[in-house]
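Below is one structure, written out as C-alpha cells; the observations come after it.
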Amino acid sequence: MANTKRLDHRSDSSQRIRLRLQRGLHKDHSVLLSDISVASIQEYVYLVQMDIGGQSFWMTFDTGSSDLWVASSDCSNSDCQGVMRYSSSLSRTLTLLDQSFRLTYLMGSALGTVGTETVTLGPYEISSQMLALANQTSGLGLSSNGNSGILGLAFPLAASIPLTSGTPVLNNLFAHLDDQHRFFAFKLGRNESRDVSYSDSSIAVGGLDSSLTNDTSQFVFTSVFASAGEEYDFWKLPIQEITINSQILPLSSSLIRGALSPIAVLDTGTTLILGPTEDVDAFWNAIGTGASTRFNQQTQTWQVRCERAVDIRITLGNSDNARDYPLHPEDVNWAEDGVRDGWCTGGIQANDAVTSGDWILGGMFLRNVYVIHQGATNSAPPMIGLLSMTNPSTALAEFISSRGADPAPPPFMRRAGFSATKMRDAIATCVTCFDFIGIRGTKQNSNHVLDFAENIAASNFGYWQLQQ
C-alpha cells in the first residue's frame with residue numbers, strides 16, 4: 001500500500017488556476033464505443049498544468065472520469081509522440097505497484113502501470129497520490145491536443161484504477177478542505193492561446209475566481225443525482241426540459257434507475273452535447289425549417305447552415321429549483337470545426353452508448369455557465385452549483401454580427417406522438433388536396449395551406465420539396 005497521504009497548501013496566493021483551451025483533431029475513427037462516430041470532427045480540450053514527481057505537464061481537465069494518468073517515457077506509439085512524458089528516472093518519490101490498468105473512455109483508451117507519486121495542482125501538493133503511468137494510448141489525440149494525460153475529477157466509484165490501490169485526486173483534495181471550502185469551481189472560456197495569461201478559462205479549489213464572482217449565493221444548487229441505494233459516480237443532475245425558441249422539445253424517458261426525468265452528466269472532457277438519437281433527431285428536425293439542417297450519412301453527424309440562429313435553453317435541476325440556462329448560438333451552430341459550403345457542425349449530436357446518464361453536457365453547454373462542484377459535508381450531500389454566464393440577447397447579436405442574418409423560417413415543433421410516418425402522410429395529404437381543389441400552381445389563395453405543408457416538409461424526414 002502507499003504511504004500516508006499528505007496535502008500541503010503551499011501558497012496563500014489566489015486559488016485560481018488558469019486552464020488552456022487547445023484544439024486538435026481526433027484521427028482514429030474506430031475508438032468511439034458506439035455505431036455513431038464523431039471522431040472525425042475537430043474537438044477541443046481544456047488543459048490544466050500540474051507537476052508530477054517534479055515534472056510539469058499539461059493535462060486534460062476532465063470531470064467525466066476519476067483517474068489521474070500521465071504518458072510515460074515508455075509510451076512510444078504515435079499517440080504519445082510530441083508531448084511531454086513522465087520519466088521515472090527523474091523522480092525520487094515514485095512507488096510502482098504490482099497493478100496494471102486499462103482505461104476506456106467514450107473516445108480512446110490508455111493502458112499501463114499503477115503507482116503513487118507526489119503531485120502538485122496550483123497551491124496544493126499531494127504526496128503518495130495514486131496515478132497510472134500510461135505505456136500505451138490510442139485515439140486520445142495527445143500529440144494534436146498537446147496534453148500528456150488526464151486529470152479526472154469525478155467520484156471514486158467511476159475510477160478504473162482499483163480503489164484498493166489508493167485514493168483518487170478528488171477525494172484527497174476534499175478530505176483536507178473544511179465544509180465551507182470543500183468544492184472546486186470552473187469556467188470554460190472561448191479564448192484559444194498557448195499563452196495561458198490570455199486565457200478566460202479557470203479552475204479554483206476551495207474558492208471562486210474573483211474575476212467572475214465572489215458570491216456563492218448567485219448560484220443555483222442541486223443535489224448530485226444518484227439512484228437509490230447507490231453511491232455517487234459522476235457529477236449529474238436532472239434535465240427538466242429543452243426549449244427551442246420557447247417551444248418545448250419532448251424528451252425521452254430516462255433510462256437511469258429511479259430517475260423521474262432525464263439525467264445529464266456534466267463532462268468537461270467531452271466537446272459536444274450528446275443525447276439519445278430520438279431526441280437529437282427531433283431537435284434538428286424542428287430547427288431544420290427552410291432546409292437549414294441535414295444529416296450527413298458519411299460522418300453520421302447533424303449539420304446546420306452556419307447562419308442558422310436559434311434560442312436554445314436547457315432547464316436543469318430538481319422540479320422545485322429548476323432554472324433554464326441559455327446556450328450561445330455559436331455553441332449550437334459550431335463553426336470551429338470548419339465551414340463546408342456554408343454548413344457547420346451541430347453542437348448537439350446523438351450517442352446511444354452513454355450509460356452514465358441520458359445526456360452528456362460537454363463543453364458546448366459548460367462554456368455558458370460558471371460551475372461549482374461541492375463535495376459532501378456534515379449537513380449536505382454533494383451539490384452542483386450553476387450560474388448562467390450567457391445573455392441570450394447579447395449572444396444572438398454577436399452571432400448575427402459574425403455569421404450574418406438567418407433567412408430560414410422559425411423552428412417548427414411537431415407535437416408529441418406525431419411520428420415520421422404521420423408526417424409523410426400529412427405531406428401526401430396536403431399535395432393530394434392541392435391537386436383535388438385545383439389550387440396547385442395558384443398559391444395566391446392558399447398561402448396558409450402551402451406554408452403549413454412547407455413547414456412539415458422542411459422537417460428533414462427525407463427532405464421532401466413541394467412543387468408549386
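Using a distance-only test at 3.5 Å, with no hydrogens or angles considered, a donor-acceptor pair links the side chain of Thr377 to the main chain of Ser379. Proximity of a side-chain donor or acceptor of Glu330 to a complementary backbone N or O of Ala335 within less than 3.5 Å is not detected. One N or O on the side chain of Thr268 and one on the backbone of Phe61 form a donor-acceptor pair closer than 3.5 Å. A donor-acceptor contact shorter than 3.5 Å links the side chain of Ser292 to the backbone of Ile287. In terms of modelled atom types and a separation under 3.5 Å, the side chain of Arg313 and the main chain of Thr243 share no donor-acceptor contact. In this structure, the side chain of Asp209 does not engage the main chain of Ala204 through any donor-acceptor pair within 3.5 Å.
Side-chain contact between His373 and Phe186 is present, with at least one heavy-atom pair separated by less than 4.5 Å. Residues Asp267 and Phe234 fail the side-chain proximity criterion, which asks for heavy atoms closer than 4.5 Å. Leu153 places a side-chain heavy atom less than 4.5 Å from the side chain of Ile203. Between Val304 and Val332, the closest side-chain pair of non-hydrogen atoms is not below 4.5 Å.
Interatomic distance, Met130 CE to Asn172 CG, rounded to the nearest 0.5 Å: 8.5 Å.
Enclosure of atom CD in Glu230 by more than 12 non-hydrogen atoms of other residues, nucleotides or ligands within 6.0 angstrom is indicated. Taking a 6.0 Å sphere around CD of Gln81, one finds it holds more than 12 heavy atoms contributed by other residues, nucleotides or ligands. Around atom CD1 of Ile400, more than 12 heavy atoms belonging to other residues, nucleotides or ligands sit under 6.0 Å away. For Arg92, the CZ atom is loosely surrounded, since the number of other residues' heavy atoms within 6.0 Å does not exceed 12.
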Q: Evaluate the criterion side-chain hydrogen bond (donor to acceptor under 3.5 Å, both in side chains) for residue pair Thr137 and Asp79; output intermediate values, then yes/no.
A: CA-CA 6 Å; Thr137 67; Asp79 204 38; 2.8 Å; yes
**Q.** Intermediate values then yes/no, side-chain hydrogen bond (donor to acceptor under 3.5 Å, both in side chains), Thr222 and Asn318
**A.** CA-CA 7 Å; Thr222 303; Asn318 297 320; 5.3 Å; no
Q: Check step by step if side chain to side chain contact (heavy atoms under 4.5 Å, CB included) holds for Ile360 and Ile273.
A: CA-CA 6 Å; Ile360 290 184; Ile273 297 172; over 6 Å; no
Q) Could you go step by step and tell me if Ile242 and Trp359 meet the side chain to side chain contact (heavy atoms under 4.5 Å, CB included) rule? A) CA-CA 12 Å; Ile242 297 176; Trp359 289 76; 3.9 Å; yes
Q: Mind running side-chain hydrogen bond (donor to acceptor under 3.5 Å, both in side chains) on Tyr370 and Gln218 for me, showing each step along the way?
A: CA-CA 10 Å; Tyr370 191 23; Gln218 296 181 9; over 6 Å; no
(Q) Apply side-chain hydrogen bond (donor to acceptor under 3.5 Å, both in side chains) to residues Thr118 and Glu125 and explain how you reach the verdict. (A) CA-CA 7 Å; Thr118 297; Glu125 179 182 278; 5.7 Å; no
Q: Verify side chain to side chain contact (heavy atoms under 4.5 Å, CB included) between Glu117 and Tyr86, making sure each step is shown before the conclusion.
A: CA-CA 11 Å; Glu117 180 60 284; Tyr86 172 88; 2.5 Å; yes
Q.
Go through it in stages, so that I can follow the logic: the residues are Ser160 and Arg102, the test is side chain to side chain contact (heavy atoms under 4.5 Å, CB included), and I'd like the CA-CA distance, side-chain angles, deciding distance and then a yes or no.
A. CA-CA 7 Å; Ser160 296; Arg102 180 181 181 87; over 6 Å; no
Report all side-chain donor-acceptor pairs from residues 384-395 shorter than 3.5 Å, counting only partners two or more places apart or in another chain.
from	atom 1	to	atom 2	distance (Å)
Thr390	OG1	Asn368	OD1	2.7
Asn391	OD1	Ser393	N	3.0
Asn391	OD1	Thr394	N	3.0
Asn391	OD1	Thr394	OG1	3.4

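With Ile348 as reference, Trp284 is the one residue of Trp284, Trp302, Phe365 to meet the side-chain contact (heavy atoms from CB on, under 4.5 Å) rule. When Leu103, Val114, Leu131 are each tested for a side-chain contact (heavy atoms from CB on, under 4.5 Å) with Trp69, only one passes: Leu103.
Here Asp331 pairs with Arg367 in a salt bridge; the nearest charged N to carboxylate O distance falls below 4.0 Å. We find that Lys236 and Asp233 are joined by a salt bridge, their nearest charged nitrogen and carboxylate oxygen being less than 4.0 Å apart.
Ring orientation note: the planes of Phe184 and Trp235 are nearly perpendicular, at an angle over 60° on the 30°/60° scale.
For the residue pair Ser217 / Asp215, a side-chain donor-acceptor distance below 3.5 Å is found, with atom types taken as modelled.
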